[in-house]
2 protein chains.
Amino acid sequence: MRSRRQRYSDSTKRALVDVAETLFTEHGYSATSLDAIVAGADVTKGALYHHFSGKQAIFEAVFDRIESRATESIGRATEGHADPWEKATAGLHAFLEVVQEPGYRQVVISDGPAVLGLERYREREEGSAYALVDEVVRSVLARDEWALDEQMLDTFTRIFFGAMSAAGSSVAVSDDPVAAAARVDTAIGIIMEGLRHLVESGAAGSATSRT
Amino acid sequence: MRSRRQRYSDSTKRALVDVAETLFTEHGYSATSLDAIVAGADVTKGALYHHFSGKQAIFEAVFDRIESRATESIGRATEGHADPWEKATAGLHAFLEVVQEPGYRQVVISDGPAVLGLERYREREEGSAYALVDEVVRSVLARDEWALDEQMLDTFTRIFFGAMSAAGSSVAVSDDPVAAAARVDTAIGIIMEGLRHLVESGAAGSATSRT
DNA sequence: TTGAAGTACGTACCTTCGGTATGTCATTTG
DNA sequence: CAAATGACATACCGAAGGTACGTACTTCAA
């Protein structure tokens, strides 16, 4: 068991991240002041700067928390599917759910790139939702008939990840999210069906060797 | 001909946007101070606040300029292609070029969503590069055999736009942009080839009516 | 030609906010 | 039990966005 002091320390740190998450989600990064965060957590800036190196650091803590929750949610949805195409569909649905959460939209999609910088942002993605998309893409596309190397698979993952992010974004801002999600489902379904034909007919070998 | 005063006014405004563009591109939005902008343009904050309502306003001016340049560049690349698939390929190449420009990456991709907000950001996109992608997507997918309504076409455009943004981003951060661009070319080529099979075989009617 | 009005700035200042330096009290440890 | 350390609180600083106000030059009407 942690020491008495450790437990107090942990609770204040968690309180800070809790408040920061709600404020960052509701008002965005720049419109959220550290004073507001420490006031909400009922501590002072001394406490915040004892636990975090600065505003960006506590943002990253919130960012990581939201991303890990998203990853967990998608992971639960995809596990237990034997057929890779079913797995892909299940993952897509879960992703479309996640991307509608205000916290994910504001913190990860909107503020993330600007606050972390594009490079750090992409590094963070690698280990989270992106990894799941990568897994699904590989299970679908990595066949012996196809001469797709590592980098090509990675390229496909990037493309699908971007496509799904944009699709999710369009769902999230839609007046009728349910109908929008259904349209995304259909569109991705068509694209995947096209790929499936290529895969199962083995006709893509020519495509990989084009210019 | 504009009046003498008008010309002076226009030149200072342009000088402000010029300097702002380079600073926003090099250091990002938050790391660029208004003092640095007005110093670079050799004016004072009074001039800046006479022409713009604030920091966000001058950022939008820079944003619009970069986006319109990008749109123009892609538009030039796509025009003159009769075959829609060739047009799509030409547009993709131009897009991959654009997305490697530091200004586009920093201002439009990285800072854009956070500064403008996701809604305003998407509104700005609608009238620019997005419109070109939409045009190409429609020329490729809007066939009589397909029962794709307006909203479905829009969904496809969103997905492709997101895919291309992500693809371009992966090219931009790559150690070997040329090879990365070639991989993106191949990947998108495969995806389009799958779609093409569906289109030309008219086999997508079933897909549009799936759940 | 002249004087009033408006434009295009410059100057000085205010406020907020991220960050720092330092003090303090409880807890742990030797 | 005293020294050391951890977990904060308090006070303060400087930078940066924004505002209020003054001013010089231009335009235009009489």
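Predicted, not measured: the structure shown is a model, and the values here were computed from it.
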In whole angstrom, give the distance that lies between atom CG of B:L34 and atom P of C:dT15. 19 Å
Taking any heavy-atom pair under 4.0 Å as a contact, classify B:T32: base, sugar-phosphate, or nothing. sugar-phosphate
Indicate, with a heavy-atom threshold strictly under 4.0 Å, whether A:G46 touches base, sugar-phosphate, or nothing. base
Should A:R124 and A:E67 count as an ion pair when the cut-off is N to O under 4.0 Å? no
Between B:Q6 (CD) and C:dG6 (P), how many Å, whole number? 16 Å
Is B:T12 close enough to C:dC9 that one of its side-chain N or O atoms is under 4.0 Å from OP1 or OP2 there? yes
In this structure, how many angstroms lie between the P atom of D:dG17 and the CG atom of B:D35, rounded? 7 Å
Whole-Å distance between C:dG19 P and A:I37 CD1? 11 Å
Rounding to a whole Å, what distance do you find between B:Y49:OH and D:dA16:C1'? 9 Å
With a 4.0 Å cut-off, would you call B:R120 and B:E60 a salt bridge? yes
Return the nearest nucleotide to the side chain of B:S9; candidates are D:dA16, C:dG19, C:dA8. C:dA8
Check every atom of D:dG18, C:dA8, C:dG19 against the side chain of B:H50 and return the nucleotide holding the closest atom. C:dA8
What's the CZ-C1' distance between A:R7 and D:dA7, to the nearest Å? 15 Å
Has the side chain of B:K55 got a donor or acceptor that lies under 3.5 Å from a partner of the other kind on the base of D:dG18? no
Once you round it to whole Å, what is the distance between C1' of D:dG17 and CZ of B:F52? 16 Å
Considering only NZ, NE, NH1 and NH2 on the basic side and carboxylate oxygens on the acidic side, decide whether A:E72 and A:R76 come within less than 4.0 Å. yes
If you assign B:Y8 and B:Y29 each to the DNA chain D nucleotide with the nearest heavy atom, which residue ends up on the more 5' nucleotide? B:Y29
In this structure, how many angstroms lie between the P atom of C:dG18 and the CD1 atom of A:I58, rounded? 11 Å
Should B:H51 be listed as having a side-chain N or O under 4.0 Å from OP1 or OP2 of C:dC9? yes
State whether the distance check finds a donor on one side and an acceptor on the other, under 3.5 Å, for side chain B:K45 versus base D:dG18. yes
B:R138 bridged to B:E150 by N-O distance under 4.0 Å: yes
Parallel, tilted or perpendicular: which fits the ring planes of B:F59 and B:F63, with parallel below 30° and perpendicular above 60°? tilted
Contact class for A:T44 (heavy atom, under 4.0 Å): base, sugar-phosphate, or nothing? base
